[in-house]
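See structure below.
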Amino acid sequence: MKNLLSIMTIFICLLFNTSSYSQKAWEKMKDNLQINFYDVVKQAELDFMNTDKDLKGSGWKGFQRWVYDNEYKYYPSGDRSQSDPYFDSKAFRGFQENN
């Protein structure tokens with residue numbers, strides 16, 4: 001009986017531990033290159049509307065860095081479907097082959 005109780009306790013702890021972390025909608029969208037850049041920004045701004053942006057770990061600064069690093073790549077249309085996420089690694093591999 002003690003073994004069953006301890007197993008159930010561990011199971012419940014694991015269940016709550018894994019379900020307590022949820023990724024925000026914009027974080028899922030930013031990895032999908034078929035979604036327009038400006039749609040991702042709109043969704044992120046909606047997600048952060050209910051969040052205190054000054055709190056440490058809120059994700060606001062990371063989002064702002066992502067926007068700053070990527071906006072010029074997709075301006076003005078916001079179309080990300082034509083970009084290659086592996087452009088840097090392919091260019092470096094080509095450089096290594098040539099030198």
Side-chain angles (χ1 to χ4, degrees):
M1 189 68 175
K2 285 185 178 182
N3 288 338
L4 181 61
L5 184 62
S6 63
I7 290 172
M8 291 298 288
T9 305
I10 291 171
F11 176 74
I12 291 171
C13 289
L14 289 174
L15 178 70
F16 284 115
N17 188 25
T18 57
S19 65
S20 65
Y21 175 77
S22 63
Q23 195 173 23
K24 295 181 180 177
W26 76 271
E27 291 176 334
K28 294 176 187 173
M29 292 172 68
K30 77 174 184 175
D31 296 329
N32 185 350
L33 296 178
Q34 300 304 316
I35 300 174
N36 189 294
F37 174 79
Y38 295 108
D39 292 338
V40 177
V41 171
K42 278 186 211 173
Q43 182 61 47
E45 289 172 353
L46 287 173
D47 287 349
F48 283 113
M49 198 176 285
N50 300 324
T51 305
D52 184 6
K53 298 171 188 166
D54 295 329
L55 287 177
K56 185 173 184 171
S58 68
W60 176 250
K61 288 182 182 177
F63 164 67
Q64 291 296 313
R65 279 188 218 104
W66 180 79
V67 170
Y68 180 78
D69 289 342
N70 291 289
E71 187 170 22
Y72 75 93
K73 297 175 188 175
Y74 310 116
Y75 180 81
S77 69
D79 181 27
R80 302 187 307 156
S81 63
Q82 300 300 319
S83 65
D84 182 11
Y86 302 107
F87 172 76
D88 296 339
S89 60
K90 289 178 182 177
F92 182 69
R93 198 172 319 122
F95 173 78
Q96 285 180 321
E97 289 172 1
N98 292 332
N99 293 320

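Note that this is a predicted model, so its numbers are computed, not measured. Only this structure's heavy atoms are used, side chains among them; waters, hydrogens and symmetry mates stay out.
Taking CG of Asp88 as the start and CZ of Arg93 as the end, the distance is 11.5 Å to the nearest 0.5 Å. Note that CG of Asn70 is 8.5 Å distant from NZ of Lys30, once rounded to the nearest 0.5 Å. To the nearest 0.5 angstrom, Trp60 atom CH2 is 10.5 Å from Asp54 atom CG. Atom NZ of Lys56 sits about 9.0 Å away from atom NZ of Lys61, to the nearest 0.5 Å.
Here the rule is ring-ring contact (aromatic ring centres under 6.0 Å, His included) with Trp26, and of Tyr38, Phe37, Phe63 only Phe63 fits it.
Listed for the Asp52 side chain is no donor-acceptor partner under 3.5 Å among the backbone atoms of Ser58. Looking at Arg80, its side chain does come within 3.5 Å of a backbone N or O of Asn32 through a donor-acceptor pair.
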Would you sort out whether Ile35 and Gln43 count as a side chain to side chain contact (heavy atoms under 4.5 Å, CB included), showing the intermediate values?
CA-CA 11 Å; Ile35 300 174; Gln43 182 61 47; over 6 Å; no
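If you chain together hydrophobic residues whose side chains sit under 4.5 Å apart, Tyr68 and Val40 never meet in one group. A chain of hydrophobic side-chain contacts below 4.5 Å, direct or via other Ile, Leu, Val, Met, Phe, Trp or Tyr residues, connects Tyr75 to Val41.
In this structure, Phe48 and Lys53 approach most closely via the heavy-atom pair O-CE, 3.6 Å. Across Asp31 and Glu27, no two heavy atoms sit closer than the pair OD2-O, 3.5 Å. The shortest heavy-atom contact between Asn36 and Asp79 is ND2-N, 4.0 Å.
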